[in-house]
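Here the structure is laid out as structure tokens; the discussion comes afterwards.
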Amino acid sequence: MKQVFKRPRSLKDVSFHFCPGCHHGTIHRLVAEAIDYYDLRERTIGVAGVGCSVFVYEYFDIDVAEAPHGRAPAVATGLKRALPDRIVFTYQGDGDLASIGMSEIVHTANRGENLTVIFVNNTVYGMTGGQMAPTTLLGQPTTTSPYGRDFLQNGYPIRMAEMIATLEGTSFCARVALNTPANLMKAKKTVRRAFEMQMNNMGFSFVELLASCPTNWGMNPLKANERVEKELIPYFPLGTFKERKGTDHQ
Amino acid sequence: MEKRLFLRGNHALAIGAIKAGCRFYFGYPITPQNDIPEFFSKQMVKVEGCFIQAESEVASINMILGASAAGARAMTSSSSPGLSLMQEGLSYLAGSELPAVVVNINRSGPGLGGISASQGDYFQATRGGGHGDYRTLVLAPSSVQEMHDLTLLAFDLADKYRNPVIILADAVLGQIQETMVDRPYQPLELPPKDWILAGASGRDPRLIKSLYLKEGEMERHNWKLFEKYQRMKREDVRHENYLEEEAELIIVSFGTAARVAKSAIRLARAEGLKVGLFRPITLFPFPEKALFDLSQRVKRFLTIEMNTGQMVEDVKLSVARDADVHFYGHAPGSPPAPEELLNALKKVY
Amino acid sequence: MGKIIINRERCKACAFCASVCPKKLIFFSQEVNSQGFYPVEIRTEDECTGCALCAETCPDVAIEVWR
Ligand SMILES: Cc1ncc(C[n+]2csc(CCOP(=O)(O)OP(=O)(O)O)c2C)c(N)n1
Ligand code: SF4
Ligand code: SF4
Ligand code: SF4
């Protein structure tokens with residue numbers, strides 16, 4: 001018999017600190033698989049945002065820099081400009097990327113920096129205990145929107161992938177989910193594609209992954225997957241919003 | 001023969017940076033230092049370097065963090081409000097032990113303040129400025145020559161200590177035109193950069209971080225940083241003495257204020273007043289020992305600053321107990337005239 | 001014909017694998033692991049096809065698959 005599934009080489013052989021059923025683990029694996037697929041481990045540098053995923057460096061067997069909250073795209077810009085032949089990616093949550101780091105992500109995309117952004121949208125601030133995120137859905141209760149998000153008070157959830165896709169500098173932009181095996185397979189290909197874009201010097205690539213946070217959603221992991229299907233996907237539709245072909249990035 | 005150039009302070013600084021091998025400049029426009037980014041936007045292409053006009057000072061400082069993590073010499077320049085925005089990044093740079101050179105062409109504040117020269121950011125520069133227990137090296141040039149020379153030194157010290165270095169100047173020093181000697185760069189002997197990120201090829205992965213959560217880790221890290229700051233105090237304190245022999249009154253002043261103080265001292269000497277100058281060049285580490293030694297001999301000091309009293313605290317902490325320390329503050333606006341300082345020193349002479 | 005190995009110490013009992021296994025081969029064990037979870041086990045290897053759906057959905061990368 002042949003081994004058909006094993007831990008990717010780029011993931012250290014340690015357990016994640018994530019809660020049961022947290023999609024951060026799945027996303028770590030997909031990213032590591034993409035790195036392995038293209039044999040990039042020895043020339044990839046990760047940039048960790050601040051959030052539940054700040055420990056990216058504990059899990060990936062690669063060089064990692066930690067960025068201040070929201071600033072990973074700026075840190076990645078500095079790294080990539082200094083090392084244009086290396087592969088650089090950021091790993092950021094929705095508070096990190098879509099709230100405090102909105103300026104950095106928009107301008108990094110707009111400059112068309114040749115790097116990859118892994119954006120984990122779990123509609124909540126995980127690490128700090130479940131506060132409202134810019135992506136929190138209308139009506140969704142969080143610890144700082146205890147009566148549910150109300151647009152008069154808090155505005156609407158931000159659709160980042162659509163927004164990033166409007167920028168000329170963006171070369172690849174997609175949204176995927178991980179709640180079913182079919183979605184997972186698509187996510188795997190999409191993450192791979194994002195790294196491939198960077199390898200081909202195609203410019204800025206962005207993948208938004210709809211993820212569950214069972215702990216702060218107050219649900220068991222299976223119910224959380226159902227919520228992704230029933231509530232997140234209708235508001236945050238899946239798909240590839242932009243994909244440059246060939247060398248038309250100039 | 002060494003070449004002589006006639007140029008303004010900000011250009012002297014930028015030429016120094018390129019000479020020191022800085023190939024990464026990230027910055028956001030703010031008066032009165034725009035000629036620095038403008039210079040780099042033109043010159044970096046010629047040396048195959050990188051210039052980015054960042055979306056904000058927050059982004060600039062974090063781009064530096066990235067380039068520095070990759071082992072490159074990187075810098076930014078800004079003026080006071082921009083420095084306020086960079087403080088989180090500076091704290092991360094210090095915590096992650098990354099070299100960086102940050103220029104502050106100090107303007108007046110608080111708030112939007114004004115664009116005139118000021119020394120109001122002394123506290124911000126010398127006390128760490130951002131959160132947590134850290135320091136940045138602070139160099140205070142006082143001439144076009146020093147704008148150049150201290151920039152060369154700043155990159156070396158940043159690498160030597162793996163710590164951000166701030167060059168604290170102001171609009172006068174940036175715009176004044178003077179002759180300077182175009183000195184060649186003679187780097188210090190520096191430790192190898194065996195910590196940079198470049199991809200874990202043939203070695204274990206490396207990590208640049210400032211997060212320490214495990215039991216005792218943070219404390220150890222803080223003491224390690226402390227030891228580094230102590231070493232700066234032992235090895236890299238700089239100051240200048242001017243006519244301090246047989247002086248009965250010592251003016252303590254840095255940067256632009258020290259330039260004017262020198263003129264005032266010449267006027268005072270012409271009137272037979274024995275006045276000298278002690279000019280800190282490193283504001284952190286502050287030349288406390290040299291000042292203390294001087295205060296064994298001279299008992300009267302007048303600190304002159306273009307603010308309402310900041311460095312004077314360090315002067316008071318440094319001198320012998322029986323020394324008198326006076327203060328004269330020149331509110332932001334145009335720099336003080338020598339006559340104004342002459343009057344001030346006469347009052348305490 | 002397939003075979004899986006579950007790393008019971010890594011399992012956090014989220015039940016994703018059990019919910020996707022087309023043959024319904026995965027169930028919860030009666031004994032807790034060192035992390036305090038009741039990890040999953042495979043009921044019988046005979047019917048496993050080695051489709052790897054269980055491993056693909058595991059957020060904790062606790063399953064390896066042979067076919
Ligand atoms: C300047 C600053 N402000 C606030 C914080 C506190 N903080 C840490 S993580 C976080 C939010 C994380 O949420 P998200 O980015 O959605 O990631 P998740 O934890 O959900 O994966 C916040 C507000 C910080 N570290 N720095
Ligand atoms: S709090 Fe949420 S995002 Fe953080 S590890 Fe737990 S489930 Fe994942
Ligand atoms: S490999 Fe497929 S059949 Fe075998 S246990 Fe896993 S999901 Fe079930
Ligand atoms: S998916 Fe993984 S963690 Fe979840 S129950 Fe199965 S083996 Fe355990």
Side-chain angles (χ1 to χ4, degrees), chain A residues 1-33 36 52-53 59-61 120 122 177-189 209 211-215 219-226 228-229, chain C:
Chain A
M1 271 195 286
K2 205 171 121 247
Q3 188 161 14
V4 291
F5 190 98
K6 64 170 187 243
R7 190 178 191 82
R9 165 70 186 89
S10 297
L11 270 192
K12 290 183 193 163
D13 194 12
V14 295
S15 15
F16 293 131
H17 72 285
F18 305 122
C19 310
C22 173
H23 284 165
H24 270 307
T26 316
I27 298 166
H28 276 47
R29 199 195 81 226
L30 293 186
V31 171
E33 282 176 352
D36 284 4
C52 281
S53 55
Y59 304 132
F60 283 89
D61 202 19
V120 182
N122 60 12
L178 311 155
N179 60 322
T180 64
N183 282 343
L184 232 153
M185 292 305 152
K186 269 184 227 148
K188 187 183 270 218
K189 285 205 187 93
L209 300 105
S212 69
C213 172
T215 302
M219 303 174 179
N220 74 38
L222 288 172
K223 282 268 174 298
N225 273 353
E226 281 171 30
V228 171
E229 190 68 40
Chain C
M1 256 297 281
K3 178 175 120 100
I4 67 167
I5 292 183
I6 300 165
N7 182 339
R8 67 187 309 279
E9 295 309 323
R10 292 271 163 88
C11 173
K12 291 181 186 152
C14 68
F16 286 172
C17 54
S19 77
V20 296
C21 175
K23 303 277 179 190
K24 300 282 167 234
L25 300 178
I26 298 174
F27 69 101
F28 288 102
S29 137
Q30 300 297 310
E31 279 161 57
V32 291
N33 63 14
S34 59
Q35 300 196 71
F37 298 109
Y38 290 93
V40 290
E41 288 173 0
I42 180 152
R43 185 157 49 81
T44 158
E45 274 188 9
D46 299 349
E47 290 174 49
C48 174
T49 61
C51 70
L53 282 182
C54 54
E56 288 285 357
T57 54
C58 176
D60 286 281
V61 206
I63 305 178
E64 291 184 289
V65 188
W66 286 261
R67 185 167 56 219

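From a predicted model like this one, the values you see are computed outputs, not experimental measurements. Letters A, B, ... mirror the listed sequences (proteins, then strands); counts begin at 1.
- Interface residues of residues 177-187 of chain A toward chain C, defined by a heavy-atom distance below 4.5 Å and sorted by number: P181(A), L184(A), M185(A).
- The choice from L30(A), L11(A), N220(A), T26(A) that makes the most heavy-atom pairs within less than 4.5 Å of chain C is T26(A).
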Residues W66(C), V4(A); criterion side-chain contact (heavy atoms from CB on, under 4.5 Å); working and verdict:
CA-CA 5 Å; W66(C) 286 261; V4(A) 291; 5.7 Å; no
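- Counted within 6.0 Å of NZ on K12(A), heavy atoms from surrounding residues, nucleotides or ligands total more than 12; the atom is thus considered enclosed.
- Of the atoms belonging to A13(C), not a single heavy atom falls under 4.5 Å from chain A.
- Screening residues 6-28 of chain C for side-chain hydrogen bond (donor to acceptor under 3.5 Å, both in side chains) gives D13(A)-R10(C), E9(C)-S34(C), K12(C)-D60(C) as the qualifying pairs, with residues at least two apart or on separate chains.
- The parts of R7(A) that come within reach of chain C are both its backbone and its side chain, each placing non-hydrogen atoms under 4.5 angstrom from that chain.
- At least one side-chain heavy atom of F16(C) sits under 4.5 Å from a side-chain heavy atom of P221(A).
- Between chain A and the options A55(C), C11(C), A52(C), heavy-atom pairs under 4.5 Å are most frequent for A55(C).
- Summarising the geometry, atom CD belonging to Q35(C) is positioned 12.0 Å from atom NE2 belonging to H17(A); distances are rounded to the nearest 0.5 Å.
- Proximity to chain A is limited to the backbone of I63(C), based on heavy atoms less than 4.5 angstrom apart.
- Heavy atoms closer than 4.5 Å to chain A are found in both the backbone and the side chain of V61(C).
- A donor-acceptor contact shorter than 3.5 Å is absent between the side chain of R67(C) and the backbone of F5(A).
- When heavy atoms are compared at a cutoff of 4.5 Å, C58(C) approaches chain A solely by way of its backbone atoms N, CA, C and O.
- Contact detail for C22(A) and P59(C): the closest heavy-atom pair is O-CB, 3.4 Å.
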